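Report on one structure; see the data block that follows.
From a predicted model like this one, the values you see are computed outputs, not experimental measurements. One is the number of the first residue; the rest follow in order along the sequence.
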Amino acid sequence: MSIEIKLRKGEPMDRAIRRLKKALDREGTIRDVRAKRYFTKPSDKNREARKVAAFTQMLRTRYEKM
């Protein structure tokens, strides 16, 4: 599952790096690496998930009334 970016003829290196970053972002590689950088207890993960769910529910109810 390695990502391969081929340089196009006459393409600047900056643009190729940008394409690589976008491909990594789409695949979620960078997100996974950052998440695995340190250990998070399962209880903390659950707490964060509940916090995110409560926030999205609050937004839904707020914009549902409009």
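A distance of 6.5 Å separates NZ in Lys45 from CZ in Phe39, rounded to the nearest 0.5 Å. Here CD of Glu11 is found 10.5 Å from CZ of Arg18. Values are rounded to the nearest 0.5 Å. Annotation: the span from Leu24 atom CG to Thr29 atom OG1 amounts to 5.0 Å, rounded to 0.5 Å. Of the inter-residue distances, the one linking Ile30 atom CD1 with Lys21 atom NZ reads 8.0 Å to the nearest 0.5 angstrom.
In this structure, Asp44 pairs ionically with Arg47, as a charged nitrogen and a carboxylate oxygen lie closer than 4.0 Å.
Nearest approach of Ala16 to Ile5, heavy atoms of both residues: O-CG2, 4.0 Å. The minimum heavy-atom distance linking Arg31 with Asp25 is given by the pair NH2-O, 3.7 Å.
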Could you go step by step and tell me if Leu7 and Met13 meet the side-chain contact (heavy atoms from CB on, under 4.5 Å) rule? CA-CA 8 Å; Leu7 266 157; Met13 194 61 120; 4.2 Å; yes
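Looking only at distances, a side-chain donor or acceptor of Arg19 sits under 3.5 Å from a matching main-chain atom of Lys6.
In the hydrophobic clustering of this structure, Phe55 groups with Tyr63; members are Ile, Leu, Val, Met, Phe, Trp, Tyr whose side-chain heavy atoms approach within less than 4.5 Å, directly or through other members.
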